[in-house]
Amino acid sequence: QVQLVESGGGLVQAGGSLRLSCAASGVSLTNFNINDMGWYRQAPGKQREFVARITSGGNTNYADSVKGRFTISRDNAKKMVYLQMNSLKPEDTAVYYCNGPWPGNWGRGTQVTVSS
């Protein structure tokens, strides 16, 4: 089964930036490359929600709440997915997870805390 390890979270002031990374292992380059990948987040007391998605071809899609502020990218050769987060707001505070087409395959996630 694929293993996904998120990193790059931390504490940042409102208006600041963070770059999250997602490293995939236990999956071949071919099977990683053909899959769409996405970022999701879960705040305390709330369900996990979609944040951003990137297809194998590099097409992207974003939740309305982050559009214009977040950018998702991928490096297929490294089996990595990134999320550049700019103009962060306190409402962005959550645990951020990455995943592909592997139901229930959630990792530990990385905590993002934005102070006001």
Side-chain angles (χ1 to χ4, degrees):
Q1 177 70 291
V2 61
Q3 295 179 23
L4 300 167
V5 180
E6 301 92 346
S7 62
L11 175 64
V12 65
Q13 294 181 339
S17 299
L18 284 174
R19 181 177 173 85
L20 306 184
S21 297
C22 170
S25 61
V27 61
S28 69
L29 282 173
T30 297
N31 285 329
F32 177 83
N33 294 170
I34 64 174
N35 290 315
D36 293 356
M37 294 293 294
W39 284 95
Y40 307 80
R41 66 188 183 187
Q42 186 169 29
K46 300 178 67 176
Q47 291 187 300
R48 183 179 285 110
E49 66 176 352
F50 164 79
V51 175
R53 169 177 139 265
I54 184 166
T55 70
S56 61
N59 297 118
T60 59
N61 180 253
Y62 301 90
D64 288 341
S65 60
V66 307
K67 193 172 299 181
R69 299 188 297 120
F70 291 10
T71 302
I72 187 172
S73 61
R74 66 192 296 166
D75 185 335
N76 288 334
K78 296 180 179 179
K79 293 189 289 184
M80 296 284 291
V81 185
Y82 307 97
L83 185 68
Q84 178 66 47
M85 306 184 295
N86 299 324
S87 301
L88 283 163
K89 305 174 181 179
E91 306 88 81
D92 295 318
T93 295
V95 177
Y96 284 70
Y97 304 86
C98 67
N99 208 351
W102 305 290
N105 195 59
W106 304 105
R108 184 184 303 124
T110 186
Q111 177 71 51
V112 172
T113 302
V114 185
S115 62
S116 60

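Index from 1, following the sequence.
When all heavy atoms of Ser21 and Trp39 are compared, the closest pair comes out as O-CH2, 3.6 Å. Considering every non-hydrogen atom in both Phe32 and Met80, the closest pair reads CZ-N, 3.9 Å. Closest heavy-atom contact between Asp36 and Thr55: OD1-CA, 3.1 Å. For the pair Gly100 and Met37, the tightest heavy-atom approach, listed with the atom from each and the gap, is CA-SD, 3.6 Å. The shortest heavy-atom contact between Val27 and Ala24 is CG1-CB, 4.3 Å. Residue Ile54 comes nearest to Arg74 through the heavy atom pair O-NH1, 3.4 Å, listed as atom of the first residue, atom of the second, then distance.
When atom types are taken as modelled, the side chain of Thr93 and the backbone of Val114 share a donor-acceptor pair closer than 3.5 angstrom. The main-chain N or O of Leu4 is never found under 3.5 Å from a side-chain atom of Trp106 such that the two would form a donor-acceptor pair. For Lys46 (side chain) and Ala94 (main-chain N/O), no donor-acceptor pair under 3.5 Å exists by modelled atom type. Between the side chain of Asn105 and the backbone N or O of Val2, at least one donor-acceptor pair lies under 3.5 Å.
Tyr97 and Leu83 fall into different hydrophobic clusters, defined by Ile, Leu, Val, Met, Phe, Trp and Tyr side-chain heavy atoms under 4.5 Å apart, directly or through other members. One hydrophobic cluster, built from ILVMFWY side chains closer than 4.5 Å, cannot hold both Val5 and Tyr96; they sit in different ones.
Rounded to the nearest 0.5 Å, atoms CG (Asn33) and NZ (Lys79) are 9.0 Å apart. Atom OG of residue Ser25 and atom CD of residue Gln1 lie 10.5 Å apart, to the nearest 0.5 angstrom. To the nearest 0.5 angstrom, Arg41 atom CZ is 11.0 Å from Phe50 atom CZ.
Side-chain contact between Val95 and Tyr40 is absent, with no heavy atoms from C-beta onward closer than 4.5 Å. With a 4.5 Å cut-off on side-chain heavy atoms, Met85 and Val51 do not count as touching.
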Using side-chain contact (heavy atoms from CB on, under 4.5 Å), reason through Phe70 and Leu18 one step at a time and then give a plain yes or no.
CA-CA 10 Å; Phe70 291 10; Leu18 284 174; over 6 Å; no

Run the side chain to side chain donor-acceptor pair (under 3.5 Å) test on Ser17 and Asn86 for me, step by step, so that the C-alpha distance in whole Å, both residues' side-chain angles and the decisive distance to 0.1 Å come before the verdict.
CA-CA 4 Å; Ser17 299; Asn86 299 324; 2.8 Å; yes

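Other residues, nucleotides and ligands contribute at most 12 non-hydrogen atoms within 6.0 Å of the CD atom of Gln13.
Under a 4.0 Å N-O distance rule, the pair Lys89/Asp92 does not qualify as a salt bridge. Ionic pairing of Glu6 and Arg108 is not present here: no N-O contact between side-chain nitrogen and carboxylate oxygen is shorter than 4.0 angstrom.
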